[in-house]
Amino acid sequence: MKPRLIRKASELITEPHERAAMRHAGRLVAAAHAAVRAAVVPGVSTRELDAIAEQVIVSGGGRPAFKGYGGFPNAVCASPNEIVVHGLPNRRKLLAGEIISLDIGAEVDGHYGDSAWTYAIGEVAPAVQRLLAVAEASLYAGLAAAWAGNCVEDISAAIQDVVEPAGFSLVREYVGHGIGRVLHGSPQVPNYRTGSRGPLLQAGQAIAIEPMVNLGAAEVYTKKDGWAVATRDGSWSAHFEHTIIVTGGEPEITTFVMA
Ligand code: MG
Ligand code: MG
């Protein structure tokens, strides 16, 4: 999502009780992803996937964080094929060979978890398989660079150095973000070098890292519904995101749980 810059990074260092709420929210997001991952088969609609995710979050004691955010009507952003982010769930049945990006957020006691994943429906073309593999690898490269003492630009560079040499492009208009007491806060976490080192990462700071990777060119536009963001050239796009708490070493991924 497009970050709304509400707080300074220094104000987003989480307290222990806040990290506990973020872990709870993150577990619910991870559980929602596990549930939709199992349901992503040919013939399912994104409206059905939205309902599954919402049920998991609510039954686990959370609230779907995107529902009502900026007027967004659903629990999940469902973005198939050439849709990059912010797609509205609908009744259309997904077909084998397509891809679907599902972005899921949960709130527990005023604290947030936010994670997106792109799933293949049945068998997809080799170029699309590679798009998904490279985009996922770029997320993990960004996560590996997110330790206290590094700067935001180190995350951006790590992502860019996986995606662009592989021949894919990175969306510029949407970026990762600070998270914690707010869904979208400072700092912005671009998925490409900006030429500025950016803020220093500090232990206890929570951020969401979320590369959006296009098979073709980087340019995107907003569709007529006012929500869905699509690639200008119609090429397919993948989106992978985790929420993390920065430490002196490997980050704690709040939206990841072992299966
Ligand atoms: Mg997200
Ligand atoms: Mg996000």
* Between Ala158 and Ala145, what is the shortest heavy-atom contact and its length? -> CB-CB, 4.0 Å
* For the atom pair CG (Asp50) and SG (Cys77), what is the distance rounded to the nearest 0.5 Å? -> 9.5 Å
* Asked: How far apart are the C-alpha atoms of Ile244 and Thr254, what are their side-chain angles, what is the distance that settles it, and do they pass the side-chain contact (heavy atoms from CB on, under 4.5 Å) test?
  -> CA-CA 6 Å; Ile244 63 165; Thr254 65; over 6 Å; no
* Could you pull out all residues at least two apart from Lys93 that satisfy salt bridge (Lys or Arg N to Asp or Glu O under 4.0 Å)? => none
* Tyr174 and His86: aromatic ring centres closer than 6.0 Å? -> yes
* Asked: What heavy-atom pair brings Ala120 and Val40 nearest, and what distance separates the two atoms?
  -> O-CG1, 4.0 Å
* Any donor-acceptor N/O pair, Asn150 side chain to Trp147 backbone, under 3.5 Å -> no
* Closest heavy-atom pair and its distance - Ser115, His242 -> OG-ND1, 3.8 Å
* In chain order, what residues pass the side chain to side chain donor-acceptor pair (under 3.5 Å) check against Thr231, with sequence neighbours excluded? -> none
* To do: Check whether any side-chain heavy atom of Ile245 lies under 4.5 Å from a side-chain heavy atom of Ile207, and answer yes or no.
  => no
* Structure fact -> With sequence neighbours left out, the residues meeting salt bridge (Lys or Arg N to Asp or Glu O under 4.0 Å) with Glu153 are none
* To do: Calculate, to the nearest 0.5 Å, the distance between atoms CG and NE2 belonging to Leu28 and His33 respectively.
  => 12.0 Å
* **Ion pair Glu252/Arg23, N-O distance below 4.0 Å** => yes
* same_hphob_cluster(Ile99, Ile83) at 4.5 Å side-chain heavy-atom cutoff -> no
* To do: Would you check if the side chain of Glu54 reaches a backbone N or O of Ala51 as a donor-acceptor pair within less than 3.5 Å?
  => no
* Separation of Glu164 CD from Ser169 OG (nearest 0.5 Å) -> 8.0 Å
* Structure fact -> Rounding to 0.5 Å, atoms CZ (Arg27) and NE2 (His24) come to a distance of 6.0 Å
* Between Arg172 and Tyr192, is NZ or CZ placed under 6.0 angstrom from the six-membered ring centre and within 45° of the ring axis? -> yes
* With sequence neighbours excluded, tell me which residues meet ring-ring contact (aromatic ring centres under 6.0 Å, His included) with Phe240. => Trp117
* So, does His111 use its side chain to make a donor-acceptor pair with the main chain of Asp109 at under 3.5 Å? -> yes
* Structure fact -> Paired with Val163, the side-chain contact (heavy atoms from CB on, under 4.5 Å) test is passed by just one of Leu170, Asn191, Leu131, namely Leu170
* **Nearest heavy-atom neighbours spanning Pro211 and Ile159** => CB-CG2, 3.8 Å
* **Over all atoms of both residues, closest heavy-atom pair of Ala206 and Thr14** => CB-CG2, 4.3 Å
* **Intermediate values then yes/no, side-chain hydrogen bond (donor to acceptor under 3.5 Å, both in side chains), Glu210 and His239** => CA-CA 7 Å; Glu210 50 176 316; His239 182 201; 2.8 Å; yes
* Least distance between heavy atoms, Pro80 atom then Leu94 atom -> CB-CD2, 4.5 Å
* To do: Taking the side chain as every heavy atom from C-beta outward, state whether Pro42 and Leu95 have any atom pair closer than 4.5 Å.
  => no
* Asked: Would you find a donor on one side and an acceptor on the other, under 3.5 Å apart, between the side chain of Asn74 and the backbone of Val76?
  -> no
* Passes side-chain contact (heavy atoms from CB on, under 4.5 Å), Leu139 versus Glu241? Steps please. -> CA-CA 7 Å; Leu139 168 62; Glu241 174 184 29; 5.6 Å; no
* Asked: How many angstroms lie between CG in Leu49 and CD1 in Ile100, if you round to the nearest 0.5 Å?
  -> 7.0 Å
* Asked: Counting distance only, does the side-chain N/O of Gln129 pair as donor-acceptor with the main-chain N or O of Val124 below 3.5 Å?
  -> yes
* His177 versus Asp114, side-chain donor and acceptor atoms under 3.5 Å -> yes
* Tell me whether the centres of the aromatic rings in Tyr112 and His184 are closer together than 6.0 Å. => no
* To do: State, yes or no, whether a side-chain contact exists between Ser156 and Val152 at a heavy-atom distance under 4.5 Å.
  => yes
* To do: Start with the C-alpha distance between Ser237 and Asn214, add both sets of side-chain angles, then the distance that settles side-chain hydrogen bond (donor to acceptor under 3.5 Å, both in side chains), and finish with yes or no.
  => CA-CA 4 Å; Ser237 184; Asn214 297 350; 2.7 Å; yes
* **Pairwise side-chain contact, Ser138 with Val213, heavy-atom cut-off 4.5 Å (strictly under)** => yes
* Run the salt-bridge test on Arg181 and Glu15 with the 4.0 Å N-O cut-off and return the result as yes or no. => no
* **Residues Ser79, Ser101; criterion side-chain hydrogen bond (donor to acceptor under 3.5 Å, both in side chains); working and verdict** => CA-CA 5 Å; Ser79 307; Ser101 298; 5.7 Å; no
* To do: Kindly determine whether Ile121 and Val41 satisfy side-chain contact (heavy atoms from CB on, under 4.5 Å), including the steps that lead there.
  => CA-CA 6 Å; Ile121 298 125; Val41 293; 5.9 Å; no
* Structure fact -> When rounded to the nearest 0.5 Å, the distance separating CZ of Arg92 from OG1 of Thr46 is 7.5 Å
* Where the side chain of Thr243 meets the backbone of Thr255, is there a donor-acceptor pair that is under 3.5 Å apart? -> no
Under 3.5 Å, side-chain donor or acceptor atoms of residues 216-226 against the rest of the protein: list the pairs with distances, not counting sequence neighbours.
residue: Asp225; atom: OD1; partner: Trp227; partner atom: N; Å: 2.7
residue: Asp225; atom: OD1; partner: Ala228; partner atom: N; Å: 3.0

* Asked: Within a strict 4.5 Å, meaning less than it, do heavy atoms of the Glu136 and Val162 side chains meet?
  -> no
* Asked: Are any of the side-chain heavy atoms of Phe72 and Leu88 separated by less than 4.5 Å?
  -> yes
* Quick one: does Arg37's side chain get under 4.5 Å of Leu102's, heavy atoms only? -> no
Can you give each donor-acceptor pair under 3.5 Å made by side-chain atoms of residues 56-66, sequence neighbours left out, with the distance rounded to 0.1 Å?
residue: Ser59; atom: OG; partner: Gln55; partner atom: O; Å: 2.9
residue: Ser59; atom: OG; partner: Val56; partner atom: O; Å: 3.3
residue: Arg63; atom: NE; partner: Glu107; partner atom: OE1; Å: 2.6
residue: Arg63; atom: NH2; partner: Glu107; partner atom: OE1; Å: 3.0

